[in-house]
Each structure stands twice: as C-alpha cells, then as structure tokens.
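Source: prediction; values computed, not measured. Just follow the structure's listing: the first ligand is 1, and inside any ligand the first atom is 1.
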Amino acid sequence: MHISLASLALPAVAVAYQIPLYSDYSFDPLQHLAGIAPYFEPNDPPRNPAPPQGCTVSRAAYLVRHAAINANDFDYETYLEPFTEKLKNRTTDWSKIPELSFLASWTPPKFEEQELVTRIGRLEASQLGVQLSYRNSTLRLPEKVWASTAERTSVSAQSFIRGLEMDNDDISLVTIYEGEKSGANSLTPYKSCPAYHASSGSEQSKEYVDTYTKPILARLHAMAPKFNWTANDVLGMQEWCGYDTVVRGSSPFCSLDLFSSDEWLQFEYAQDIMYHYNVGYGSEVSGPIGFPWLNATMKMLASENHDQDLYVSFTHRELPPAVLVAMGLFNNSALTGSNDINATMPTDHVNNQRQWVSSYILPFLTNIAIEQMNCSASHGYEKMDDPTFYSVLVNQSPQTLPGCYDGPLESCPASKMNAWLQGRAAIFPDYSMACEVDYKNSTNVVTFYMEDDEGKRVEKLSKSSLLTSDST
Ligand SMILES: *[C@@H]1O[C@H](CO)[C@@H](O)[C@H](O)[C@H]1NC(C)=O
Ligand SMILES: *[C@@H]1O[C@H](CO)[C@@H](O)[C@H](O)[C@H]1NC(C)=O
Ligand SMILES: *[C@@H]1O[C@H](CO)[C@@H](O)[C@H](O)[C@H]1NC(C)=O
Ligand SMILES: *[C@@H]1O[C@H](CO)[C@@H](O)[C@H](O)[C@H]1NC(C)=O
Ligand SMILES: *[C@@H]1O[C@H](CO)[C@@H](O)[C@H](O)[C@H]1NC(C)=O
Ligand SMILES: *[C@@H]1O[C@H](CO)[C@@H](O)[C@H](O)[C@H]1NC(C)=O
Ligand SMILES: *[C@@H]1O[C@H](CO)[C@@H](O)[C@H](O)[C@H]1NC(C)=O
Ligand SMILES: CC(=O)N[C@H]1CO[C@H](CO)[C@@H](O)[C@@H]1O
C-alpha cells in the first residue's frame with residue numbers, strides 16, 4: 001500500500017493543536033503543602049470568578065484565614081526544631097551527598113517568635129485588600145473589619161485594611177476574644193467546643209505517614225546512614241519547604257531532587273486525612289461549628305438594615321473548612337448516593353479523586369466569599385420576581401451549593417436561599433449540644449457583628465511604627 005507523503009502533510013494550522021512530542025509536565029510543591037501552602041488560587045473548579053453577565057455584586061462577606069506565619073507552634077515543636085537540632089550533630093558530611101549537600105550550609109530562619117505573620121504574609125494580606133477593591137463597582141468601603149484576638153489574625157486584618165482603604169483611618173478593626181466559653185459567638189467557635197479535639201486525625205494521618213515515608217527513609221538512609229532518619233524528619237523537611245519559603249522567598253527543601261512530585265502529593269494526602277477527621281466531614285462537630293457563622297452571615301447579607309456592604313473577618317485555619325462542611329462543599333461523597341465518608345479517605349493509599357484537598361481549602365490566607373448579586377437581566381433563566389442571587393467563592397473559584405443552584409451560573413436564588421439554609425440547619429441544629437458544652441451560658445448564635453464595638457482605627461505604617469513593628 002502506498003501512502004503519498006503529500007496526504008500525510010497536515011495543514012499548517014493544525015500544528016498548533018498537536019499534542020507536544022515532549023512532556024510538558026510541571027509540578028510546584030508549594031501548591032501541595034496543605035496548611036503551610038503560601039496563598040494561591042488553585043482554580044478549583046476552573047470557573048470564571050467574574051459575576052454572571054447582567055449581575056453585579058451588591059454585598060459580600062469574606063471569611064479569611066490569617067496570612068503566612070513563621071511557624072505553627074505544634075509543627076515547630078514536633079517536626080521542624082527536632083530536625084534542625086539533629087542537624088547540629090556533625091557526624092554526616094553533607095557536602096559529599098549531592099541531593100543533600102545544601103544541608104552543609106542551610107540554617108533555619110531566625111525569628112523572635114514562631115507564630116508571627118511574615119513579611120510575605122503581610123504583603124499578601126494587603127494584596128487581598130487591593131484585589132477585593134477590584135471586585136466591586138458599587139460596594140461601600142466597610143467601616144469595620146473583624147479578627148479574632150490572636151496576633152496573627154489581627155496583624156493579617158490590619159495589613160488587609162491597609163490594602164483596601166484609600167486614606168488613613170478609614171476602617172476600624174474589631175477584635176473578637178478567643179474565649180473558651182463563647183459558645184458559637186466568636187471567630188474561634190472550635191475553642192469553646194469541648195467535643196472538638198485539636199489532635200483529631202493525627203492517628204489516622206500517621207498510618208498513612210508510616211506508609212509513604214518508608215521508601216523515602218530507605219533512600220535517605222542509603223545516602224546518609226549515620227543520621228538515624230525518622231518519619232518525623234521527612235515531615236520536618238517537607239514542612240520546612242513551606243515555612244522557609246514564606247520567610248525567605250524560596251527553600252532548598254522544595255527541590256524535586258529531594259522529594260519527587262508523588263512524594264509531595266503523599267505529604268499533602270497525609271495532611272488531608274488529618275484535616276478530614278479534624279475539621280472536615282470525618283468529624284461530627286465540623287458542621288455544627290461552621291453553621292452559626294453561615295447562619296448569621298446569610299441573615300446579615302439578606303437583611304434590609306445591614307450596616308455595611310462588605311463584612312470581612314479573619315480567623316484561624318479551623319473555621320473555614322468547618323464552614324465549607326456546613327455548606328456541603330468539597331464533600332467526597334457528593335452525588336455518590338452514599339455517605340460512607342471515611343471510606344473516601346483510605347489510609348493506605350492516595351485517593352486521587354477526592355474533593356477534600358486541604359491545599360485548596362486552607363492555605364495561608366484562604367478565603368471563602370459569599371456574594372449577594374443583583375441580576376438585572378434574566379438571560380434565559382427562569383424569570384424570578386426577586387433579582388437577588390447568592391454565590392460562594394473559595395479562593396476566587398465559584399462553587400455550586402448542593403441543593404441550590406437554579407440562578408445564573410448555578411448561583412442560588414434569594415427565593416430559595418432561606419429553604420436551603422433551613423435544610424442545612426436541620427442537619428446541624430444545635431452547636432451547644434453537638435459540642436457537649438460544659439458551661440451554662442453557651443449560645444448557638446453569632447451576634448458579634450451587630451454589637452456596638454467601635455474597634456480601633458488602623459493607621460498606615462508610619463516610619464516610627466515600622467521601626468517598632470518587630471516588637472509588637
Ligand atoms: C551524633 O550521632 C551519632 C550517630 O547517630 C550518635 O552516636 C551520637 O551520640 C550523636 N551525638 C549527639 C551529640 O547527639
Ligand atoms: C459566659 O461567661 C463567661 C465568663 O463570664 C464569658 O467569658 C463568656 O463570654 C460567656 N459566654 C457567652 C456566650 O456569653
Ligand atoms: C534513632 O531515633 C529513634 C527514634 O527517635 C530513637 O529511639 C533512637 O534512639 C535513635 N538512635 C540513635 C542511634 O540515635
Ligand atoms: C468517621 O470517623 C470518625 C472518627 O473515627 C467518627 O467519629 C465518625 O463518626 C465517622 N463518620 C462516619 C460517617 O462514619
Ligand atoms: C455529603 O454527601 C452525601 C451524599 O450526597 C450526603 O448524604 C451528605 O449529607 C453530605 N454531607 C454533608 C455534611 O452535607
Ligand atoms: C438592581 O439593579 C437594578 C438595575 O441596575 C436597579 O434598578 C436596582 O435598584 C438594583 N437593586 C438593588 C437591590 O440593588
Ligand atoms: C440561626 O439564626 C437564628 C437567629 O438569627 C436562630 O434563631 C437560629 O436558631 C439559628 N439556627 C441554628 C441552627 O443555629
Ligand atoms: C469595598 C470597596 O473597595 N468599595 C469601593 C467600591 O468602589 C467604589 C467606587 O469606585 C468605592 O467608592 C468604594 O470604596
């Protein structure tokens with residue numbers, strides 16, 4: 001059989017659509033570091049963040065995790081410091097081992113206190129303020145922004161405010177006490193929930209850590225037999241990739257010569273297992289902890305006598321995932337017709353099809369936005385009397401609320417929002433009961449947004465405040 005060469009030649013235009021003959025695989029460990037991932041927008045799902053055609057944002061609420069910090073206390077004490085302490089024992093000559101030669105000169109970043117927001121963290125929080133100002137055409141600048149009392153949440157909020165306001169002194173910061181008896185009425189409701197345990201998930205996570213670190217340890221041992229490598233050293237090095245980066249801008253620990261792409265995905269999955277049982281669908285208290293914020297926020301956005309167009313609140317990494325559970329988002333069981341949720345997070349191999357990916361859910365500065373939209377044109381959607389719709393965005397990506405998606409681009413019509421919220425309330429009816437509170441004055445309702453706390457004005461950084469900012 002003869003095939004003429006001419007018939008094989010493709011038209012020039014087709015070349016652009018050909019699959020490349022070389023691999024274009026690329027991988028960034030920083031996007032797989034779970035709670036230590038520097039802020040990024042993963043496009044999960046890859047939908048357009050812009051409001052649907054004919055809709056403008058009329059009000060919005062944001063729940064934001066604090067920006068990047070030097071190190072979380074637990075991580076520092078459990079993984080980071082023990083590893084760097086071990087490095088002080090100079091029995092191994094690192095300079096002779098190509099993959100580990102950086103250890104001969106690497107020193108941990110120096111900081112006064114672990115849990116302070118880094119320079120990069122402050123900048124990213126300000127950037128979020130600027131970015132938020134782009135999203136609106138008609139929203140009024142807020143008078144108040146809220147943060148829980150910790151230094152890292154307050155500093156993140158201050159940096160955010162400096163990015164959002166135009167002049168000095170426009171916006172006040174109200175801080176909400178991180179009390180252990182506040183009931184649901186704080187930005188840290190897990191702290192006043194006795195049934196929430198900070199260590200939940202570590203046991204299940206460890207099962208998978210022991211599995212995935214085995215071949216890594218064998219490799220490291222072959223390279224440096226005198227070091228007495230442990231699984232915690234592997235976690236320490238993988239965590240240093242994130243913390244070193246958010247302090248110094250880059251880190252030799254992120255090298256793909258040290259840990260392969262799959263090993264970074266395994267680190268991420270071990271973290272996902274932990275967060276699944278800690279603040280995700282694998283914990284009975286996640287939904288009850290997250291629901292009161294959702295309840296109060298939806299009522300505030302829907303209310304006619306709202307004080308502000310924009311409600312922004314800064315908290316820690318535990319609350320945003322709990323709110324996502326309360327909404328039913330990133331549910332591995334969604335649309336499966338079954339609810340065997342723990343089976344979706346096996347501890348002996350990675351479930352690559354999962355929706356619960358903590359790097360997308362709770363990186364530094366992670367943010368959940370609930371936007372109220374005014375859609376003047378129906379654009380073929382069922383004509384509704386009320387032009388108001390709600391959409392939820394997680395790190396800028398629009399999400400579809402399970403059970404409420406009849407509006408433009410799967411937004412939730414105001415006429416159905418109340419019924420949807422009632423449905424969620426029926427699943428998580430009682431914070432105090434689910435939390436097994438052991439104090440008498442608990443509450444299931446978030447009221448602090450409506451309280452008369454004037455807060456404190458946030459000033460631009462002056463020369464003198466810059467000089468003293470390290471000591472505050
Ligand atoms: C250094 O490591 C070697 C080999 O593991 C060990 O025998 C020695 O005790 C260690 N020294 C210190 C000070 O930890
Ligand atoms: C309950 O009482 C404690 C101690 O007086 C107080 O700190 C806390 O804020 C109260 N909780 C609520 C929900 O009012
Ligand atoms: C190696 O590490 C393990 C676990 O931390 C420890 O129990 C053991 O004593 C260490 N061995 C040496 C020789 O340092
Ligand atoms: C998932 O596992 C946790 C921890 O063992 C347990 O408390 C929870 O009830 C389980 N959830 C389901 C739906 O089985
Ligand atoms: C997760 O999805 C399953 C299956 O649709 C559903 O039964 C379950 O209620 C969902 N969980 C939550 C907390 O919404
Ligand atoms: C919604 O937009 C329409 C058209 O721009 C405007 O007339 C109406 O006042 C807006 N409604 C609200 C509640 O903002
Ligand atoms: C939702 O908030 C309202 C008050 O705004 C309250 O009456 C209701 O109990 C709350 N629902 C739940 C389940 O907490
Ligand atoms: C929150 C925010 O940035 N609001 C701004 C939206 O745009 C108008 C008009 O440009 C400004 O006046 C608001 O301050």
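The only option from Gln372, Lys416, Arg59 that meets the side-chain hydrogen bond (donor to acceptor under 3.5 Å, both in side chains) definition with Tyr390 turns out to be Gln372. With Asn332 as the fixed residue, the side-chain hydrogen bond (donor to acceptor under 3.5 Å, both in side chains) test singles out one of Asp340, Asp272, Asn342, Thr344: Thr344. None of Glu178, Glu180, Glu318 except one satisfies the salt bridge (Lys or Arg N to Asp or Glu O under 4.0 Å) rule with Lys191; the exception is Glu178.
The aromatic rings of Tyr25 and Phe27 sit parallel, their planes meeting at an angle under 30°, below the 60° perpendicular limit. The aromatic rings of Tyr190 and Tyr196 lie perpendicular to each other, with more than 60° between the two planes, well past the 30° mark. Classified by interplanar angle (parallel below 30°, tilted 30° to 60°, perpendicular above 60°), the ring pair Trp356/Tyr281 is perpendicular.
Shown in contact with Ser182 at under 4.0 Å from a heavy atom are these atoms of ligand 2, numbered in order with element: 13 (C). Per-residue contacts place Tyr281 under 4.0 angstrom from the following atoms of ligand 5 (heavy atoms of the residue considered): 11 (N), 12 (C), 13 (C). Of all the atoms in ligand 2, the ones that sit under 4.0 Å from a non-hydrogen atom of Thr443 are 13 (C).
Where the criterion is an N or O separation shorter than 3.5 Å, residue side chain and backbone included, Ser338 fails it with respect to ligand 5. Between Asn342 and ligand 4, an N or O atom pair is found at a separation short of 3.5 Å. Between Asn331 and ligand 5, at least one N/O pair is under 3.5 Å apart. Close N/O approach between Asn339 and ligand 4 is not found [any backbone or side-chain N/O within under 3.5 Å].
At the top of the distance list for atom 14 (O) of ligand 5, counting protein heavy atoms only, stands Arg424 NH2, 2.8 Å. Nearest protein heavy-atom neighbour of atom 13 (C) of ligand 4: Ile341 CG2, 3.6 Å. Distance from atom 8 (C) of ligand 4 to its nearest protein heavy atom, with residue and atom name: Glu284 OE2, 3.5 Å. In this structure, atom 5 (O) of ligand 4 lies nearest to the protein heavy atom Gln204 NE2, 4.1 Å. Of all protein heavy atoms, the one lying nearest to atom 9 (O) of ligand 2 is Lys181 O, 4.1 Å. Scanning the protein heavy atoms around atom 3 (C) of ligand 4, the nearest turns out to be Gly282 O, 3.3 Å. The nearest heavy-atom contact from the protein to atom 2 (O) of ligand 2 is Asn441 ND2, 2.3 Å.
Remark: Glu41 CD is packed, more than 12 non-hydrogen atoms of other residues, nucleotides or ligands lying under 6.0 Å away.
With contacts defined as side-chain heavy-atom distances shorter than 4.5 Å, the pair Leu63/Val323 qualifies. In this structure, the side chains of Glu151 and Leu116 come closer than 4.5 Å at one or more pairs of heavy atoms.
Only the backbone of Ala334 comes within 4.0 Å of ligand 5, judged by heavy-atom distances.
Considering OG1 of Thr149 and OH of Tyr177, their distance stands at 7.0 Å, rounded to 0.5 Å.
Note that atom 11 (N) of ligand 2 has protein non-hydrogen atoms nearby, at separations under 4.0 angstrom.
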